[in-house]
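In what follows, every heavy atom counts, from backbone to side chain, and hydrogens, waters and symmetry copies are set aside. We name chains A, B, ... by the order of the sequence lines, and we start the count at 1 in each one.
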There are 2 protein chains.
Amino acid sequence: MASANIKEVARYAGVSLGTVSNVLNRPEVVASTTRQRVLDAIHKLGYVRNDSARQLRAGRSRTIAIVVLDVSNPFFTDVIQGAEQVVESSGGMLVVCNSGENARREDRHLDMLEEQRVQGLLITPMSDGRHERLDALIAHGIPVVLVDRGSGHPNRCSVAVDDIAGGRLAAEHLVGHGHERIMYVGGPLSIRQVADRRAGATAALAERAPRARLETYETAGLSVAAGRQAADDLAARPEGERPTAVFCANDLLALGVLQGLTVHGIRVPEDVALVGYDDIDFAAAAAIPLSSVRQPRALLGRTAAELLLEEALEGDRHGHRHVVFQPELVVRTSSDHRRGLVAGHPPAR
Amino acid sequence: MASANIKEVARYAGVSLGTVSNVLNRPEVVASTTRQRVLDAIHKLGYVRNDSARQLRAGRSRTIAIVVLDVSNPFFTDVIQGAEQVVESSGGMLVVCNSGENARREDRHLDMLEEQRVQGLLITPMSDGRHERLDALIAHGIPVVLVDRGSGHPNRCSVAVDDIAGGRLAAEHLVGHGHERIMYVGGPLSIRQVADRRAGATAALAERAPRARLETYETAGLSVAAGRQAADDLAARPEGERPTAVFCANDLLALGVLQGLTVHGIRVPEDVALVGYDDIDFAAAAAIPLSSVRQPRALLGRTAAELLLEEALEGDRHGHRHVVFQPELVVRTSSDHRRGLVAGHPPAR
DNA sequence: TGGCTGAGTTGAATCCTTTCACTGCCTGGA
DNA sequence: TCCAGGCAGTGAAAGGATTCAACTCAGCCA
């Protein structure tokens, strides 16, 4: 039942502890006949290395953790997959922790990860206020890379996407199609991303179409249900008072708005054009394929992981970097009825 | 930089090692003044327990792992969240590993989890052929619970949903609405779930509507794209030769079919009724809300985790169980135009 | 033959926590 | 006054892998 340990392997193979360890970690220094004898013993006894002992000695584990706000949000699963690729090919292991937008759970995870002396941490923290907890981790020598929060903090790296540019892209596209009454649906505005995307849209309108108006509809959250609610409210207005275009802070909201409008017989894009944000795979799969501002989700994860590995390698010489990606607009039917279903690139992975 | 250890805490507080350990693990046996002194020292020195040493001593970690086929499939994220609840409230920690439908990655994860002596494992394995690897884990004393694969194996528990019953539900619903030409879209048929769902549908037709016909359209995978392809093929047929209803092996396929049919001007449900499987949240959020066979996804995860904890607790006395849940049909607009948008229960979590 | 080299191997020390048999001390009862 | 018993606290041992200085030995040259 209990696995054999290195000592039993050594005895069985008729060598010392050190030799077994060498076979495991530096096989080239062991004579090939000895090596084979040890490998046979390992196989025979079903020996499995005890990682706890190994880590205890090494002072550090080889696993990297990613803490996300919501595993069930397709945006994050794509970020995870990107990080996975990099960690995997470096021979490490990525574990995923889900804070579920709950500060207590985030804390619990951070505590346990710190006790485990993880090699490093990728995290999209709950809020900017939680940076002290992260500082403590960093002070204990655990590198942290922020994902999707530009921070400019001097003691950690970060990767993010330029949300202001994203807001611009969406707004410019809509005014380019002649829309002058645009509604921004998103909330709460206390979330930096939500605010930044709106700010970008506002700026674009000011520059490109001074006559155009951007109305804000603040939602309680970023879910499909919140989007449906927004659509209901919008449909309740007299026809003349409705915007001709809606820009949503993320795709879940946009899908909700789409569904709500359809119920009320308001056609997308003929009556109301619609643009979402994130370009999750389900955006392209909606019955009216959704135009969306694409974030390089997997690239975000990959880059974050690379920065982390870099820091782990370079140690104190490491210079922290803040990488900001540019978003990209993907136009589909929901904001341009001339687009066929094939419009837009295939979803990024 | 490097954290203080228990010895330094002991010296700082003027007590012995054992006392510090007692404060940490059995605070009630320590006199309150001493306890406070130790806690102060811990705080002062920023002491963080070293989990490796702890595990080494204990011989076992307290983390539980869940290995899923695809983190980006909403079905699995819901299973994860269910498991998370249970593990969390038991004071453990759940880590998520993604095999990405790749046998090598699955192996790597299993190897590392075994080295880490995890307390237990929830897994939806790649295929039935991989059970030997799991047997090895079990032989080494790591309990394994299969998720979503009924197995009847005598040395492990499993949780699953009755796919034959699910197929029946869908088919009975459709024949109940007068459909006699039904198409089953799903594949590859080598996946047991895909085959079982079809078998259930076939059985239901034989009993309830001997005149009805079930045609099978085998897809290469279970993706949105595959569903779209199926819809294209279907639309290419002369109108009289099309089925009047389509039953898909999962919701991603169904969303693809829905999208494809819409493009070709085929109305859902008026021209073709549509039923999916899994009832992922996006099913209810589709522009034509999708009827679907709901699996108790979160319950699946919860139960799996409970069985695992039970086994970890009971040890050898544990009797392995195989829990099979019954699926439930959720009727929405896609198969019944009389349903409003509010039809169907709110999505299960 | 003696000395030297280098490849191969050894085993004690180390990492940190938990456990448990044990010591001291104190109190209450005889 | 003595003893039993309970409470606090102690410290050595154990858990398993890794590291590294030290050692062995065969081979080679002078």
Side-chain angles (χ1 to χ4, degrees), chain A residues 1-39 41-42 45-63 111-112 114-119 140-141, chain B residues 1-39 41-42 45-63 111-112 114-119 140-141:
Chain A
M1 183 94 161
S3 298
N5 59 21
I6 215 175
K7 203 149 119 194
E8 297 177 43
V9 172
R11 181 158 8 121
Y12 190 93
V15 297
S16 73
L17 293 189
T19 299
V20 177
S21 178
N22 280 336
V23 169
L24 258 28
N25 301 298
R26 288 184 242 72
E28 70 282 1
V29 309
V30 180
S32 68
T33 58
T34 315
R35 193 194 315 142
Q36 196 52 54
R37 204 144 32 97
V38 172
L39 289 175
I42 286 174
L45 299 176
Y47 168 75
V48 176
R49 231 201 209 119
N50 184 325
D51 202 50
S52 308
R54 209 231 256 258
Q55 280 181 208
L56 172 57
R57 187 75 235 275
R60 157 126 311 157
S61 93
R62 288 155 310 135
T63 77
D111 287 346
M112 302 198 88
E114 190 173 6
E115 291 188 3
Q116 290 177 14
R117 307 288 194 270
V118 289
Q119 193 176 81
H140 280 66
Chain B
M1 184 94 160
S3 298
N5 60 22
I6 217 175
K7 202 150 119 193
E8 297 176 45
V9 173
R11 180 157 11 122
Y12 191 94
V15 298
S16 73
L17 294 190
T19 299
V20 177
S21 178
N22 281 335
V23 169
L24 257 27
N25 301 298
R26 288 184 242 72
E28 70 282 1
V29 309
V30 180
S32 68
T33 58
T34 315
R35 194 193 315 143
Q36 196 53 53
R37 206 144 32 94
V38 171
L39 290 175
I42 286 174
L45 299 175
Y47 168 74
V48 176
R49 230 201 210 123
N50 184 325
D51 202 49
S52 308
R54 191 181 204 203
Q55 281 182 204
L56 174 58
R57 187 77 237 275
R60 156 126 312 160
S61 94
R62 287 155 311 133
T63 77
D111 287 347
M112 301 198 87
E114 190 172 7
E115 291 189 3
Q116 289 177 14
R117 307 288 195 269
V118 289
Q119 195 175 83
H140 279 66

Do H140(A) and R117(A) come close enough that some side-chain heavy atom pair is under 4.5 Å?
-> no
Could you say whether R37(B) or R117(B) is positioned toward the 5' end of DNA chain D, judged by the nucleotide with the nearest heavy atom to each?
-> R37(B)
Is there a donor-acceptor pair under 3.5 Å between the side chain of R37(B) and the backbone N or O of A13(B)?
-> yes
State which of dT9(C), dT18(C), dT19(D) makes the closest approach to the side chain of R26(A).
-> dT19(D)
Which nucleotide in dT9(C), dG15(D), dT19(D) has an atom nearest any side-chain atom of R57(A) | dT19(D)
Tell me which nucleotide among dC16(C), dT10(C), dG16(D) gets nearest to the side chain of A53(B).
-> dC16(C)
Within the pair S21(B) and dT18(C), is there a side-chain N or O less than 4.0 Å away from OP1 or OP2?
-> yes
Could you give the NZ-to-P distance, from K7(A) to dG15(D), as a whole number of Å?
-> 8 Å
Would you indicate what N25(B) reaches in the nucleic acid, counting non-hydrogen atoms under 4.0 angstrom: base, sugar-phosphate, or nothing?
-> sugar-phosphate
Which one, dC16(C), dT18(C), dT10(C), comes nearest to the side chain of N50(B)?
-> dC16(C)
Has N5(B) got a side-chain N or O lying under 4.0 Å from the OP1 or OP2 atom of dC16(C)?
-> yes
First of T33(B) and L17(A) reached from the 5' end of DNA chain D, by closest nucleotide | T33(B)
